[in-house]
A.B. asks: 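Before anything else, here's the structure in question.
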Amino acid sequence: MRSSSRLIGLNDTELSNDDIFVRKTLDRARDDSKVVVDETHVAILLKEGIALETLKPGVYPIVNKGTLFQSSEKLSSIKIELFYISKTAKIKILWGTPVLFDVHDPITDSSAKMGASGEIEIRVKNPRQFYLEVVGSSKSFTVDDLKDRIKGKMLAIIEPTIADFIEENNIPLSRVSEEKLVLSKYVEKVLAKMLSREYGLNIDSFIINSTNIPSSDIDKSLIGRSEQKTVCPNCGLVLVSGSIFCNNCGTRVR
């Protein structure tokens, strides 16, 4: 606590670098108490569990016309809480698809199974939306609860998005692991829209560290490619399977 008992805020013992939010009950508030919100945080003022105001960095008298409470209420009989939300803290979530999911090789028209894993770092973009949509009135909501909730929602999006990327960009299954960087950026854009719209969260980084396609499915894809013949539509030359341009006339063939 700060030097004066009249100032109510967060102290060093209540925070760590990983704390994206901290709930504080004002059980010793007085008529002349002031709420302090540091530069690194935003605070949601709660009265009997109802979110009243979003407090930006500053000092706020609890009882003062036009601010938090406009009359001298019996503060001891009212449950007042502050939900501090960090503007800078990041949460790292490690994710992995729990089971292999279906993908399609657009080159050979063969189906396969695939798994993927990686990590994401998120932080709060819209504090009030985050509180209302994610935390709400839950008294026991923790960072681990947040990770579990976000991870489940993410995986429901990551799997079909990866499959769409492979299909739309004509990526042979044997080359998916080579496209992890581009694939990461593609998936991140889709996830960023969802997390911002539904939870008020921002993605600082998203990485697909590994992809896993069973070797039997890779072999099936490679065999299918080797059996295919690519013919230039302009000059009719039979090209090496997988060619993008004709070696004879330069026409793009796929």
Side-chain angles (χ1 to χ4, degrees), residues 18 20 90-126 129-130 133-134 143-228 230 239-245 252-254:
D18 298 326
I20 198 169
K90 302 175 185 178
I91 292 180
K92 179 183 288 188
I93 301 175
L94 301 178
W95 61 269
T97 54
V99 296
L100 299 181
F101 57 95
D102 294 323
V103 291
H104 175 255
D105 189 324
I107 307 301
T108 64
D109 198 31
S110 60
S111 61
K113 296 288 186 179
M114 177 178 173
S117 63
E119 60 186 62
I120 184 174
E121 277 193 338
I122 58 174
R123 58 184 172 82
V124 176
K125 176 182 179 182
N126 186 323
Q129 180 187 4
F130 171 74
E133 299 294 338
V134 181
V143 170
D144 286 338
D145 293 330
L146 174 63
K147 289 182 178 181
D148 290 341
R149 183 169 178 178
I150 297 301
K151 187 184 298 185
K153 188 72 173 183
M154 282 172 45
L155 290 175
I157 291 177
I158 288 174
E159 294 179 3
T161 302
I162 289 177
D164 288 345
F165 174 84
I166 294 172
E167 186 84 19
E168 293 173 6
N169 293 276
N170 291 319
I171 306 297
L173 297 185
S174 58
R175 286 187 45 232
V176 170
S177 62
E178 303 171 19
E179 302 290 338
K180 289 197 295 289
L181 181 59
V182 178
L183 179 55
S184 295
K185 293 183 180 298
Y186 182 88
V187 176
E188 180 180 347
K189 288 182 179 180
V190 179
L191 284 176
K193 291 180 181 179
M194 181 277 292
L195 291 176
S196 176
R197 180 181 66 250
E198 298 188 16
Y199 300 128
L201 294 170
N202 184 75
I203 296 179
D204 274 20
S205 67
F206 176 83
I207 301 172
I208 296 175
N209 290 324
S210 65
T211 58
N212 173 35
I213 300 176
S215 57
S216 59
D217 286 343
I218 292 291
D219 292 342
K220 183 173 62 176
S221 173
L222 290 173
I223 292 172
R225 290 180 64 190
S226 66
E227 293 176 347
Q228 286 185 325
T230 302
L239 306 174
V240 176
S241 178
S243 296
I244 298 177
F245 296 96
R252 186 180 182 94
V253 295
R254 70 177 180 91

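Because only heavy atoms are used, hydrogens play no part in the values below, and waters and symmetry mates are left out as well, while side chains stay in.
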A.B. asks: Hey, could you give me the CD1/CG distance between Ile207 and Leu183, rounded to the nearest 0.5 Å?
C.D. replies: 12.5 Å
A.B. asks: Would you check if Asp105 and Ile213 make a side-chain contact, meaning some heavy-atom pair closer than 4.5 Å?
C.D. replies: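 A side-chain contact is absent here, since even the closest heavy-atom pair is not under 4.5 Å.
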A.B. asks: State which residues pass side chain to side chain donor-acceptor pair (under 3.5 Å) with Asn202; sequence neighbours excluded, sorted by chain then number.
C.D. replies: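 With neighbours one apart ignored, the set is Asp204.
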A.B. asks: Name all residues meeting the salt bridge (Lys or Arg N to Asp or Glu O under 4.0 Å) criterion together with Glu119; count only those two or more places apart in sequence or in a different chain, and write none if there are none.
C.D. replies: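 Glu119 satisfies salt bridge (Lys or Arg N to Asp or Glu O under 4.0 Å) with Lys92 only.
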A.B. asks: Do Phe130 and Leu146 make a side-chain contact, defined as non-hydrogen atoms from C-beta onward lying under 4.5 Å apart?
C.D. replies: yes
A.B. asks: Determine, step by step, whether Val176 and Val103 satisfy the side-chain contact (heavy atoms from CB on, under 4.5 Å) criterion, reporting the C-alpha distance in whole Å, the side-chain angles of both residues, the deciding distance to 0.1 Å, and the verdict.
C.D. replies: CA-CA 11 Å; Val176 170; Val103 291; over 6 Å; no
A.B. asks: By side chain to side chain donor-acceptor pair (under 3.5 Å), which residues pair with Ser177, not counting sequence neighbours?
C.D. replies: none
A.B. asks: Go through the structure and list residues passing salt bridge (Lys or Arg N to Asp or Glu O under 4.0 Å) with Glu178, not counting sequence neighbours.
C.D. replies: Arg175
A.B. asks: Going from CG on Leu201 to CD1 on Ile20, what distance comes out if it is rounded to the nearest 0.5 angstrom?
C.D. replies: 6.5 Å
A.B. asks: Restricting to non-hydrogen atoms, name the atom on Arg149 and the atom on Glu133 that form the minimum distance, rounded to 0.1 Å.
C.D. replies: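 Nearest heavy atoms, Arg149 then Glu133: NH2-O, 3.2 Å.
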A.B. asks: Kindly write out the residues that satisfy salt bridge (Lys or Arg N to Asp or Glu O under 4.0 Å) with Glu198, not counting sequence neighbours, or none if the list is empty.
C.D. replies: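 Applying salt bridge (Lys or Arg N to Asp or Glu O under 4.0 Å) to Glu198 gives Lys153.
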A.B. asks: Taking only distance into account, with no hydrogens and no angle test, what donor-acceptor pairs under 3.5 Å do side-chain atoms of residues 156-165 form with protein atoms, sequence neighbours excluded?
C.D. replies:
residue, atom, partner, partner atom, Å
Thr161, OG1, Ile157, O, 2.6

A.B. asks: First locate atom CZ of Arg123, then atom CD1 of Ile203, and finally report the distance between them rounded to the nearest 0.5 Å.
C.D. replies: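 Result: 11.0 Å between the selected atoms.
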A.B. asks: Asp145: which residues meet the side chain to side chain contact (heavy atoms under 4.5 Å, CB included) condition with it, sequence neighbours left out?
C.D. replies: Phe141, Thr142
A.B. asks: How close do Ser117 and Ser210 get, heavy atom to heavy atom, and via which atoms?
C.D. replies: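 Scanning both residues completely, I find the closest heavy atoms to be OG-OG, 2.7 Å.
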A.B. asks: Which heavy atom of Pro106 sits nearest to which heavy atom of Asn170, and what is that distance?
C.D. replies: CG-CA, 3.4 Å
A.B. asks: Kindly compute the distance separating CD1 (Ile120) from NZ (Lys147), expressed to the nearest 0.5 Å.
C.D. replies: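 Reported value, rounded in 0.5 Å steps: 12.5 Å.
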A.B. asks: Between Leu155 and Pro98, what is the shortest heavy-atom contact and its length?
C.D. replies: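 Closest approach of Leu155 to Pro98: CD1-CD, 3.9 Å.
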A.B. asks: Could you check whether any side-chain heavy atom of Met114 comes within less than 4.5 Å of a side-chain heavy atom of Ile166, counting everything from C-beta outward?
C.D. replies: yes
A.B. asks: Name all residues meeting the ring-ring contact (aromatic ring centres under 6.0 Å, His included) criterion together with Phe206; count only those two or more places apart in sequence or in a different chain, and write none if there are none.
C.D. replies: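 Only Trp95 meet the ring-ring contact (aromatic ring centres under 6.0 Å, His included) criterion with Phe206.
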A.B. asks: Please name all residues satisfying side chain to side chain contact (heavy atoms under 4.5 Å, CB included) with Lys193, sequence neighbours left out, ordered by chain then number.
C.D. replies: Arg197
A.B. asks: Residues in side chain to side chain donor-acceptor pair (under 3.5 Å) with Ser196, at least two apart?
C.D. replies: Lys125
A.B. asks: Can you tell me how far apart CD1 (Ile93) and CE (Met154) are? Round to the nearest 0.5 Å.
C.D. replies: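 Between Ile93 CD1 and Met154 CE, I get 6.0 Å after rounding to 0.5 Å.
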A.B. asks: Using the test salt bridge (Lys or Arg N to Asp or Glu O under 4.0 Å), find all partners of Lys113 that sit at least two apart in sequence or belong to another chain.
C.D. replies: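 Partners of Lys113 by the salt bridge (Lys or Arg N to Asp or Glu O under 4.0 Å) criterion, ordered by chain and then number, come out as Asp102.
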A.B. asks: What residue pairs, at least two apart or across chains, pass side chain to side chain donor-acceptor pair (under 3.5 Å) with a residue in residues 180-190?
C.D. replies: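 Found Glu168-Tyr186.
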